Structures are given as C-alpha cells and as structure tokens.
Visitor: 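Submitted below is the structure of interest, expressed as structure tokens.
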Amino acid sequence: MAFVVQRPKLTLAERFYLPAIFSGLIITWNHLKRAVFKKGIVTMQYPEEKWDAQLPEWYRGAPTLVSDEHGKDRCVACQLCEFICPPRAITIKPMEIPSDDPWKKVEKRPDSFDIDMIRCIYCGLCEEVCPEQAIYLRKDYSITGLNRAEMVHDKETLYKLGGVRTGLVFKWNELK
Amino acid sequence: MAIPLILNFLTTPWVFLVWTTFLKSFILLNLILGLVSLTVFAERRLSAFIQDRVGPNRVGIPMTLLGGKKDIPLWGLGQMIVDPLKLLLKENFQPASVNGFYYWLAPKLVMIPPVLVLAVLPFGSYLFGIQMTIADLNVGVLYIFAVSSLSVYGITLAGWASNSKFPFLGGIRSSSQMISYELSMGLSIVPVFMICGSLNLNQIINWQVANGWLVFPYWSHGFSPALLLHHPSQILPTLVADFSWQRLLLWIPLLISFVVFLVSIFAETNRLPFDLPEAEQELVGGYHTEYASMNFALFFLGEYAAMIAGSGAIVALFLGGWSCPLIPDGSQPGIPGLFWGLVNIAVFFAKVSALLIFFIWIRWTLPRFRYDQLMKLGWLGFFPIALGNIFVTALILAFVHH
C-alpha cells in the first residue's frame with residue numbers, strides 16, 4: 001500500500017533558510033567556544049594522560065613473574081604454564097638448584113623464562129594454573145618494541161615487571 | 001659611479017613599474033600560498049573544535065630530533081609544513097585507464113585561475129608611494145569573473161580524463177553548478193557598480209572610504225581622526241547628519257546583493273553546503289578520486305586559493321577593502337605613510353582571515369544541499385532576486401537618493 005509522507009507546511013521564514021542557518025551557526029559557535037576554553041573536549045591526550053587509575057580490579061595485562069619476601073624466585077620451573085599456554089608463548093628452561101644454595105630444598109628454578117608478548121593473548125591461564133602463585137597478570141598494557149626480539153620478555157624483565165608479592169604461599173619457608 | 005647609474009635605471013618609470021610589479025607579485029603569491037596552508041590547518045583545527053575534538057595539536061618544533069628533551073608542540077602549527085611535505089613525498093600514481101595529457105593538465109587549470117585573480121585585488125593602499133595592487137585594471141571586477149569561472153574547466157577536465165564514473169559525475173555536477181551560480185554572482189554586484197560608478201576595485205574601495213562600507217555604511221563624510229581629537233563636540237552632529245532615510249533605503253538592496261554574492265562565492269568555490277562535486281558519501285572523492293600526491297594537492301591548493309581570492313573579492317567589494325574607520329591610508333610621505341600602509345595591508349588580511357573563518361564555520365554547520373535543491377535555489381531563488389535587486393537599486397537611485 002502506498003504511503004504518503006505528510007510534508008510539513010513551511011512558513012516563509014523557514015523557506016528562506018536563513019533563521020535556521022543562524023541558529024545552527026550559534027550552536028556550532030558555542031561548541032567552538034567551549035572547545036577553545038578546554039571545557040567541551042573530552043579527548044584524552046594519550047601518552048601524557050592515562051586512564052590507569054580507572055583500570056578495573058580484574059584487568060588482565062602482561063603476565064609477570066614475582067619473587068617472594070626473601071627475594072627468592074617463586075617459580076619452581078614445573079612448566080605447567082608452558083603446557084597450558086594456548087598460543088605457546090611461554091618457553092621455560094629449568095635448572096637444578098645447586099646443593100650449596102640456601103634454597104636447595106626447592107630443587108628446581110627456571111634457568112630461562114621467556115614470554116613472547118607477540119604471541120601472548122592475555123588469557124590468564126598461566127596465572128590460574130600456577131601451583132606456586134609465581135606468575136601474575138599485572139596491569140601493564142603498553143608493551144612495545146622495535147623488533148621481534150625486543151618483544152620477548154626474558155626472566156629479568158618479567159621479575160622487574162612483577163616485583164615482590166609476599167604472604168601467599170609459605171611452603172618453602174625455612175621457618176616452617 | 002655604478003651605483004647612481006643603476007639607481008637611475010631603476011627609477012626610470014617603466015623599469016620602476018616592472019620591478020615593483022614583480023616584487024609585489026612575488027610577495028603576494030608567497031603570502032597567499034602561506035595563507036592557504038594556514039587555512040588548511042585552521043580548517044582541521046576549527047572543525048575539530050566545533051565537533052568537540054582536539055584536532056592536530058602535536059606537530060611543532062621537533063626538538064627531540066635536534067637532541068632536545070621535549071618537542072615544542074606550538075599548537076600544532078607545524079602541520080602547515082608537514083601536510084604539504086607528505087603530499088610532495090608521495091608517489092604520483094597515475095591509473096592505467098586515464099587520459100594522460102588531460103589528467104596532468106587538469107590540476108594546473110584548477111590552481112591557476114585563483115592565483116590570477118589575486119592580480120587585481122587591492123591588498124593595501126600605498127607603500128612608499130606605490131599602489132598595493134599588482135594590476136590596477138579598469139575592468140577589475142569583470143576580470144575576476146572572467147578568470148575565476150575558468151577553474152570549472154579544470155574540474156570538468158579532471159572528471160573526464162579520470163575515465164571513471166565517480167569523478168565524471170563530480171565534473172558534470174561542478175560544471176552545471178558553476179554555470180548556474182555564475183549568473184547570480186555577476187548580477188548580484190551590479191548594484192555595487194551602479195552606486196560606486198566604477199568597475200575598478202581601487203575606485204570602489206575609495207568610494208567606500210569616503211562613504212562607508214557598502215554593507216555597513218554608517219559613518220559619514222568628514223568623520224576623521226582630526227575631528228575626533230580636536231572637535232569632540234562635533235562628533236554626534238557629524239554622525240547624525242548622514243543618517244538620512246535615503247541612505248537607509250539604499251542599504252537594503254546592498255545587503256541583499258551581499259548575501260547573494262556571498263552564497264554564490266560559496267557555490268563557486270565548491271564549499272559546503274555546495275560541495276556536490278566532491279560529495280564523499282555519494283562520489284567517493286568526486287573529481288579528484290583518481291588523483292594522488294602533488295596532483296591531488298594542487299586541487300586542494302586551488303580550492304583554498306579560490307576561497308582566499310573569493311574572500312578578497314568580497315572584502316574589496318562590500319567590506320571596504322583595506323580601509324578601516326578612522327585609519328588614514330599610506331599615501332602621506334615618510335614614516336607615518338609606511339606605518340599606515342602596513343596597517344592597511346594588515347587590515348585587509350584580517351578581514352580576509354575573518355571571512356575564511358566564516359567559510360570554515362559555515363562548512364561545519366550546514367549539511368549538503370540535494371542536487372535539485374541546489375538548482376532550485378540558484379535558478380528560482382538567487383537569479384530572480386539578483387535581477388530584481390538591480391531594478392530596485394535603479395529606482396532608489398533615480399527617485400529617492402540625492
């Protein structure tokens with residue numbers, strides 16, 4: 001069925017366009033004025049201003065390794081994270097802890113621990129699977145590099161990003 | 001020995017004319033090209049502000065490249081240089097199907113007319129006793145119309161030579177639009193000639209200096225700084241003396257012709273709301289879809305130079321050119337003459353810049369016309385209005401005005 005669109009009957013002023021143009025110009029002028037005096041702009045100047053404080057509690061950023069209150073690697077090189085990692089971003093080379101080490105009863109620690117940040121999908125399975133609570137997803141999201149090699153986080157970088165977390169697992173503590 | 005000879009040669013009338021003209025052209029051309037680049041930047045920045053964005057605000061002085069710690073952003077003014085540089089360094093890609101000769105010719109044909117228009121624009125009064133117009137033509141306004149309407153050839157040719165349907169549609173739209181609005185543009189300023197009695201832009205401006213700007217005619221004969229300083233009691237009587245109802249009556253057709261001319265300039269320069277030849281949503285990029293690199297930049301440059309030339313024409317015809325109330329021209333000798341001459345040039349460019357900002361402001365306010373609306377407005381709106389306006393002005397001049 002044909003539908004006839006009812007066109008509104010325009011007054012003379014409306015047909016001249018000019019009043020509408022002037023009111024439009026006033027609207028855009030007000031926007032311009034607000035923007036010039038920095039009130040109307042909501043754009044954030046990214047590298048200088050960041051939204052980090054508003055990141056949610058559960059935000060999953062870069063996976064990192066943490067050390068405990070004694071400065072010991074939490075990781076015992078069990079390689080569970082390496083096996084669970086869906087994109088196979090983690091490569092661990094375990095080593096035996098020498099017998100003269102104060103932490104010799106832990107037996108193993110990673111010799112090298114690489115996470116390829118080009119592959120990582122930030123799924124958090126490594127954090128979930130870790131029996132020693134050694135690997136954590138922190139809130140770092142701006143991970144850049146000039147080449148592929150730079151994008152691989154080695155053990156040193158991972159510990160630097162992760163820092164120290166205390167008071168979670170005590171099973172290797174001498175006092176126990 | 002040699003220096004007086006050279007000076008003597010340089011001050012021979014025709015040699016003097018030649019080298020001053022060359023110097024004036026060189027300076028004006030560079031000023032305008034700089035202004036084009038500044039207008040592009042202003043367009044990007046103002047459009048951002050109008051849409052509550054930030055716009056390009058980073059590119060300034062790259063201190064980090066020179067070993068400094070921090071760049072100086074300079075409100076993003078570096079964009080003026082970087083944008084053309086980017087276009088210059090791009091590959092000038094020519095599609096296989098185009099008609100080579102016309103494809104290369106078209107951008108130049110778009111760019112040249114607006115630059116030629118600059119030749120007759122009076123951009124200042126006098127500097128060192130030299131008139132600040134490159135060519136003081138007696139048919140100045142006709143020259144502007146003749147030359148500026150040539151740019152339609154470039155656009156149509158670009159559309160044709162691209163051998164692609166969207167540019168072709170853009171070119172066709174452009175030619176019909178320009179022809180339609182050329183008429184109302186030409187007719188709308190006939191009242192100006194009838195009142196000023198001249199086609200020479202300098203004489204039109206001199207008339208406006210004596211009688212007030214054509215769109216704002218309210219200060220009177222004999223209203224000068226001397227009067228303001230020495231006879232303060234005479235200010236009000238002098239102002240009131242020229243407020244006659246005859247002048248008020250003559251103001252009406254001039255306002256109409258100003259509006260018609262302004263809108264026609266918008267249509268001539270393909271600015272929104274009349275940018276149908278390059279309507280992105282319908283025609284990809286319009287007539288310059290197939291162009292890249294500096295060829296594309298020439299279209300861009302032509303459009304903005306046309307805006308500047310059009311604003312210059314509006315300023316000269318309706319807004320008093322380089323004149324400003326209570327400011328003398330630069331014809332007196334010595335330092336005051338030089339100072340006021342420079343002030344006059346600054347006043348001209350200030351007026352042009354204000355109009356350019358108005359152009360940009362309009363662009364980011366109004367939506368585009370539909371094609372039939374555009375034609376209807378041109379032929380059924382402005383054409384009869386401009387024609388009737390001539391008769392109204394003639395009647396007022398014949399029967400009412402003293």
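Throughout, protein chains are lettered first and strands after them, A, B, ... in sequence-line order, and every chain is numbered starting at 1. Bear in mind the structure is a predicted one, so any value in this text is a computation, not a measurement.
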Visitor: Answer yes or no: does atom NZ of A/K108 have more than 12 heavy-atom neighbours from other residues, nucleotides or ligands under 6.0 Å?
Guide: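 Yes, enclosed.
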
Visitor: More than 12 foreign heavy atoms under 6.0 Å from OH of A/Y46: is that the case here?
Guide: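 Atom OH in A/Y46 is crowded, with more than 12 foreign heavy atoms closer than 6.0 Å.
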
Visitor: Going by atom type alone, with no hydrogens or angles, which donor-acceptor pairs under 3.5 Å involve a side-chain atom of residues 382-394 of chain B and a protein atom two or more places apart or on another chain?
Guide:
from	atom 1	to	atom 2	distance (Å)
B/N389	ND2	B/P253	O	2.9
B/T393	OG1	B/N389	O	2.6

Visitor: Is any residue of residues 348-366 of chain B within less than 4.5 Å of chain A by heavy atoms, and which ones?
Guide: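 Listed by number: B/F358, B/W361, B/I362, B/W364, B/T365, B/L366.
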
Visitor: Kindly list each side-chain donor-acceptor pair under 3.5 angstrom involving residues 110-119 of chain A, sequence neighbours excluded, with atom names and distances?
Guide:
from	atom 1	to	atom 2	distance (Å)
A/D116	OD1	A/I118	N	3.1
A/R119	NH1	A/P87	O	2.7

Visitor: Please check if atom CD in A/Q45 has more than 12 non-hydrogen atoms from other residues, nucleotides or ligands closer than 6.0 Å.
Guide: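 Result for CD/A/Q45: enclosed.
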
Visitor: Take a 6.0 Å sphere around CZ of A/F22 and say whether it holds more than 12 heavy atoms from other residues, nucleotides or ligands.
Guide: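 It does not: A/F22 CZ has 12 such atoms or fewer within range.
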
Visitor: Taking everything shown except A/K139 itself, do over 12 heavy atoms lie less than 6.0 Å from its NZ?
Guide: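 Yes, enclosed.
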
Visitor: Quick check: are there more than 12 heavy atoms from other residues, nucleotides or ligands sitting under 6.0 Å from CG of A/L146?
Guide: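 No.
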
Visitor: Around atom CD of A/E48, are there more than 12 heavy atoms from other residues, nucleotides or ligands closer than 6.0 Å?
Guide: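 Counting other residues, nucleotides and ligands, CD of A/E48 exceeds 12 neighbours.
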
Visitor: I need the contact set between residues 41-57 of chain B and chain A: heavy-atom distance under 4.5 Å, sorted by residue number.
Guide: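 The stretch touches chain A at B/L46, B/F49, B/I50, B/D52, B/R53, B/V54, B/N57.
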
Visitor: Let's test your reading of the structure: which of A/I27, A/L25, A/V36 forms the most heavy-atom pairs below 4.5 Å with chain B?
Guide: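 Max contact count across the listed options: A/L25.
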
Visitor: Is atom NZ of A/K93 surrounded by more than 12 heavy atoms (other residues, nucleotides or ligands) closer than 6.0 Å?
Guide: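 Counting other residues, nucleotides and ligands, NZ of A/K93 stays at 12 neighbours or fewer.
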
